[in-house]
Colleague: 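First the structure, which I've put down as structure tokens, then a few questions once you've had a look.
These numbers come from the heavy atoms of this one structure, side chains and all, not from hydrogens, waters or symmetry mates. Order of the sequence lines fixes the chain letters, A, B, ..., with proteins taken first and strands second; residue numbering starts at 1 for each chain.
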Protein chains: 2
Amino acid sequence: MAERRSAQQRPPLTRAQVVSEALAAIDADGVDALTMRKLADRLGVYPTAVYWHAGNKAALLAAVCEHVLAELELPPVHDGTDWQEWIRAMARAARATLHAHPNIVPVMGGQMQVVPSSFPLVESVLTVLRTAGFEGSRLTDAYNTVIGFVFGWIFGELSAEPTDADADWTEAFRRRLYSASPSATPVLAANLPHLAGQALMLRWESGSTHPLDSSFAMAVDVLVAGLAVVARAT
Amino acid sequence: MAERRSAQQRPPLTRAQVVSEALAAIDADGVDALTMRKLADRLGVYPTAVYWHAGNKAALLAAVCEHVLAELELPPVHDGTDWQEWIRAMARAARATLHAHPNIVPVMGGQMQVVPSSFPLVESVLTVLRTAGFEGSRLTDAYNTVIGFVFGWIFGELSAEPTDADADWTEAFRRRLYSASPSATPVLAANLPHLAGQALMLRWESGSTHPLDSSFAMAVDVLVAGLAVVARAT
DNA sequence: ACCTGAACACCGTTCAAGT
DNA sequence: ACCTGAACACCGTTCAAGT
């Protein structure tokens, strides 16, 4: 139980403090460990004070997601920006930002709906894609292609680790994977050294500790090259 | 409180029953509404019986995710399969499967780690990508590119709706979006009719009720075209 | 405006006991 | 093996009251 000084002895809490303390707690212990009560303790305050600033837990988590997204430093867009280079730089920046807060990423994945702080991101992506030749409803499709690809891919990379409690389950899977039948799954069996622990759905460690750098590099190559082809086909 | 017949009067519960009842409950009411106790009620059983079959809640959710993934009907792979067509068909099948159970998808997104039932998927994707010209560590990268793209994109499309409780918040965002400054965000403002409610991060409805069909079509075009370019560059 | 303090309904999980 | 029954520690949230 944290020490709790009386309200008069310190400046009043702000919403921004609540949100960044929540993010710090999530970064440290994961999102499942975040509790309105524990957060209040960290802030030296009663749980109801958190409610006053944050509304409720869902709203607090949404605010944390927005705070993280706001940390994203977009590459500048100017006249003559190379759209392919810009998309590569944006993808790198997005990945760096999400890797800095991997524990909140699964929550962000479930909240990709309505994010006010995304306006600059939206505007930049649209501007750049227009120079690639997309317009009208195809501009929206291209935007969704890019955003869904970049963020969705990183969400997958950063999906949560199995908990410690699943240690034996993980071990069992590992064994089952290494004894994959060369007759039923020959290509898998032949490529095990490259795949095990490195391929999506065949890993037991999150991308936060085992980043998939070369795969992400190829994914971005594919995105940019594919966009170029599709833009030309208009 | 559901009627609860005594244990002797009905056949014993199975793990499969527990898992599919959990999925049915999630499909109906969402994942937040699923409670070990409510699930037990649906099954006409005490909560501890659920624990006997499913271990704990995290394991139950993992089992539900695996069950959904097992529903995925992969297109057949044979000699002479066109890799581009196969990837398109697989992407469509994956999307259909996830759209059939949108409420569990955010959980799947956070669990994309270790999924035994994914072996056939892995084997098929690897086989097909080899015919496209990928080998060794680049085969793993190409696999991650495809899986991360297809599933990640759909995760984004199916991210959860804001709850009813956020109705006024949603309304406020909608208003803010429609009054987006043409000077600060000109391209956004000019394309609002296409974007509002249809672009990732600018929507207030999930892809389960408002599917992003044309965007997904373009995304798949981009993926396949980009893979072809990158494969050639080897 | 901002916070304390107490309370309510509910939840995941465990343990002992039954059959 | 499979389930009942009771219990524990904890949680999100609300409401009234203080300053």
Colleague: What nucleotide among dC3(C), dG12(D), dT4(D) has an atom nearest to a side-chain atom of V45(B)?
Modeller: dT4(D)
Colleague: Each nucleotide N or O in nucleotides 13-15 of chain D that has a protein N or O under 3.5 Å away: list the pair and distance.
Modeller:
from    : atom 1 : to     : atom 2 : distance (Å)
dT13(D) : OP2    : Y51(A) : OH     : 3.1
dT13(D) : OP2    : K57(A) : N      : 3.0

Colleague: Any side-chain heavy atom of E21(A) within less than 4.5 Å of one from V18(A)?
Modeller: no
Colleague: Could you grab the distance from atom OG of S159(B) to atom CZ of F151(A), nearest 0.5 Å is fine?
Modeller: 12.5 Å
Colleague: Considering just the side-chain nitrogens and oxygens of Y46(B), establish if one lies under 4.0 Å of OP1 or OP2 belonging to dC3(D).
Modeller: no
Colleague: If we ignore hydrogens and angles and just use 3.5 Å, is the side chain of S215(B) paired with the main-chain N or O of L212(B) as donor and acceptor?
Modeller: no
Colleague: Is K38(A) close enough to dC11(D) that one of its side-chain N or O atoms is under 4.0 Å from OP1 or OP2 there?
Modeller: yes
Colleague: For residues 95-108 of chain B, which side-chain N or O atoms pair as donor and acceptor with protein atoms under 3.5 Å away, sequence neighbours left out?
Modeller:
from    : atom 1 : to      : atom 2 : distance (Å)
R95(B)  : NE     : E157(B) : OE1    : 3.1
R95(B)  : NH1    : D213(B) : OD1    : 3.2
R95(B)  : NH2    : E157(B) : OE2    : 2.7
R95(B)  : NH2    : D213(B) : OD1    : 2.9
T97(B)  : OG1    : A93(B)  : O      : 3.0
H99(B)  : NE2    : E157(B) : OE1    : 3.0
H101(B) : ND1    : D27(B)  : OD1    : 3.1
H101(B) : ND1    : D27(B)  : OD2    : 2.8
H101(B) : NE2    : E71(B)  : OE1    : 2.9
N103(B) : ND2    : I26(B)  : O      : 2.8
N103(B) : ND2    : D27(B)  : O      : 3.2

Colleague: Within this structure, what is the CG-to-C1' distance between D32(B) and dC11(C), rounded to whole angstrom?
Modeller: 13 Å
Colleague: Which atoms form the tightest heavy-atom contact between S208(A) and L158(A), and what is the distance?
Modeller: N-CD2, 3.4 Å
Colleague: Can you tell me if the side-chain N/O atoms of H53(B) get under 4.0 Å from OP1 or OP2 in dA1(D)?
Modeller: no
Colleague: Answer yes or no for R176(B) and F119(A): cation-pi contact, defined as NZ/CZ to six-membered ring centre under 6.0 Å and angle to ring axis within 45°.
Modeller: yes
Colleague: As a check on the pairing definition, encode DNA chain D in dot-bracket form, counting Watson-Crick and G-U wobble pairs whose two distances are under 3.5 Å, and using | for partners outside this strand.
Modeller: ||.|||||...|||||.||
Colleague: Which whole-number value in Å describes the distance from W52(B) CH2 to dT19(C) C1'?
Modeller: 14 Å
Colleague: Would one find more than 12 heavy atoms of other residues, nucleotides or ligands at under 6.0 Å from atom CD of E171(A)?
Modeller: yes
Colleague: Assign the ring pair F173(A) / W204(A) to parallel, tilted or perpendicular, where the plane angle (0 to 90°) is split at 30° and 60°.
Modeller: perpendicular
Colleague: For the pair made of CG in D41(B) and P in dC10(C), what is the distance, rounded to whole Å?
Modeller: 12 Å
